[in-house]
Amino acid sequence: MSPISIALIILAVTVILFIWEPVPIIVTAIGASIAFAYTGLIDVSDIFAGYNSTTIVLLAGMMVIGSSLFHAGITDLIGEKMVRVTGKSERNIILATLVVSCILSSVCSNIGVMTAMAPLVTAMCIAAGVGPSKALLALFGAQFGGFVTLVGVGSNATANSVMSDLGITPFGFFSITPFGIGVCILGTLYFTFIGCRMIPDTGYIPEFAKTEKKALDKKKAAISVVTLLCVLVVIAASPANMPMHVAAVIGALVIVGTKCMSVQEAIKAIDWNCMLLVGSLSAISTGFKNSGAGDAVAELILKILGNDPSPFMVTTVIFFSAAILTQFMSNIPSIMLFLPIGISIAEQIGVSPYPVAMTITLAGAASYATPFAAPQNMMTVGWTQYKFVDFCKIGLPMLLVTYVVVAALIPIFLPY
């Protein structure tokens, strides 16, 4: 049996188990990682390689800092002040979450934005008397905002690097901005008024918020708030000698060192289910990539397009090919795979490579429709307990929204 067939079978079984859920989703995720290893698609040493990542460290540190707000008793105050702006309407809370996360993630790492905002969003929901699951899933806005500038998400920079390697002048810092703003606006409207109605309120409260209600301790509250703000500033500034995961760990050490939380409370605040889910993503993505399935998709694209495709046909086929692949494979490998192919096609049919490159950049980062499409999706699974089907319900229409933005704006800002 070919590696592609093996990978597709493992992936199909994984998806079925995610939907049916006869066993916990984390068992399925780690089981899939082991299956990829013992069928030869990844090394056995790579099964748990995803747990040795800066993302895991960042999550742990931010969960401790976020939980410290609850232990200091300040979350009620923060939640009440935020609710004065949004009211107790769930829709308004979701809208505010989307707008703020879009703005912040245009200049900060989307994972950093999501982990920093999660405790604040949860506090706002608790103060308003609504379940936090839909609002926490609305932190998807951090993904939308990643399209606004070149530094919004790592795959944007990867695309630029690949273009440079191929001898093409890379995009400018704001080349992606019109498309990002379009995705932010339509994505926010879609999620707020349509998408959130497609999914239930799971009633789940994240681990970092599961603490007895405590009276306000002004000293601990000040330390917690200042620590969170300092870490956010470091994440936004992104200094070379202070990666955001190191900043998060230092922040967590400050919290425990100043006795805002005990060591036991800090350990309890870490959502281990979330951490395990995020760690399992790496092996699944690597196994799928190593199988050669991505190359097979690329060959299929060339056959579909034929010898003289229209620019619209090129945009449509490449967008959906990259977007579908990135639901099962990390966005950076997807973009690295498709960009050389797309630019080669552009040269063959005599059109500008830039609209093709932009289409691939946007489609490759549109990781909305499966729990394992991106680490941030796995994070929200841990925080909300949404199922595979819920991600499909809300994510597939979002892919169409992104496509509409690309198809409408390419002729205006990057004509063929």
Side-chain angles (χ1 to χ4, degrees), residues 4 143-144 146-147 150 153-171 175-176 178-180 182-183 186-187 285 288-289 292-370 373-374 395-416:
I4 295 176
Q143 292 197 61
F144 304 157
F147 294 128
L150 192 64
V153 66
S155 56
N156 295 353
T158 299
N160 255 25
S161 176
V162 173
M163 290 172 69
S164 181
D165 291 342
L166 293 172
I168 297 173
T169 303
F171 290 124
S175 296
I176 199 172
F179 302 92
V183 171
L186 291 187
S285 176
F288 190 78
K289 177 178 179 291
D295 294 317
V297 171
E299 292 177 9
L300 181 61
I301 290 174
L302 293 173
K303 291 180 181 179
I304 293 173
L305 289 176
N307 296 324
D308 189 27
S310 68
F312 177 77
M313 184 71 169
V314 172
T315 298
T316 301
V317 172
I318 287 183
F319 178 89
F320 283 108
S321 299
I324 291 171
L325 188 64
T326 203
Q327 306 311 314
F328 304 100
M329 194 169 85
S330 175
N331 51 20
I332 290 178
S334 297
I335 289 171
M336 292 178 71
L337 171 68
F338 271 97
L339 264 179
I341 296 168
I343 290 173
S344 175
I345 291 171
E347 291 174 349
Q348 289 178 28
I349 63 176
V351 299
S352 169
Y354 290 102
V356 175
M358 183 62 73
T359 299
I360 293 170
T361 300
L362 292 164
S367 311
Y368 314 128
T370 66
L396 290 175
M398 191 57 223
L399 287 180
L400 295 177
V401 169
T402 306
Y403 169 72
V404 168
V405 172
V406 173
L409 298 185
I410 282 288
I412 299 172
F413 294 98
L414 287 173
Y416 284 95

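Side chains are part of it too, since the values below use all heavy atoms of this structure and drop only hydrogens, waters and symmetry mates. Starting from 1, each residue takes its place in the sequence as its number. No experiment lies behind these values; they were computed from the predicted model shown.
Atoms CZ and CD1, on Phe320 and Ile318 in that order, are 13.0 Å from each other to the nearest 0.5 Å. In this structure, CD1 in Ile410 is found 10.5 Å from CZ in Phe319, a value given to the nearest 0.5 Å. Distance CD1/Ile324 to OG1/Thr370: 12.0 Å, rounded to 0.5 Å. Atom OG1 of residue Thr326 and atom CG of residue Leu362 lie 12.0 Å apart, to the nearest 0.5 angstrom. With rounding to the nearest 0.5 Å, the separation of CE in Met358 from CG in Leu409 is 10.0 Å. We find the CG-OG1 distance between Leu414 and Thr359 to be 8.5 Å, quoted to the nearest 0.5 Å.
Counting all heavy atoms, side chain and backbone alike, Ile335 lies closest to Ala365 at CD1-N, 4.4 Å. Between Met163 and Thr169, the shortest heavy-atom distance links the atoms CE-O, 3.7 Å. Across Ala369 and Leu399, no two heavy atoms sit closer than the pair CB-CD1, 4.5 Å. In this structure, Ala346 and Pro353 approach most closely via the heavy-atom pair CB-CA, 3.9 Å. Nearest heavy-atom pair across Ile360 and Gly342 is CD1-CA, 3.9 Å. Contact record, Ala322 with Gly364: CB-N, 4.4 Å, taken as the closest heavy-atom pair.
Using modelled atom types, one finds a donor on one side chain and an acceptor on the other under 3.5 Å when comparing Tyr368 with Thr402. Donor-acceptor pairing under 3.5 Å is lacking for the side chains of Tyr403 and Thr315.
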Requested in this report: List the steps, then state whether side-chain contact (heavy atoms from CB on, under 4.5 Å) holds for Phe144 with Leu186.
Outcome: CA-CA 10 Å; Phe144 304 157; Leu186 291 187; over 6 Å; no

Query - Check against side-chain contact (heavy atoms from CB on, under 4.5 Å), Phe179 and Phe147 - result: CA-CA 7 Å; Phe179 302 92; Phe147 294 128; over 6 Å; no

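In terms of modelled atom types and a separation under 3.5 Å, the side chain of Thr361 and the main chain of Ala357 share a donor-acceptor contact.
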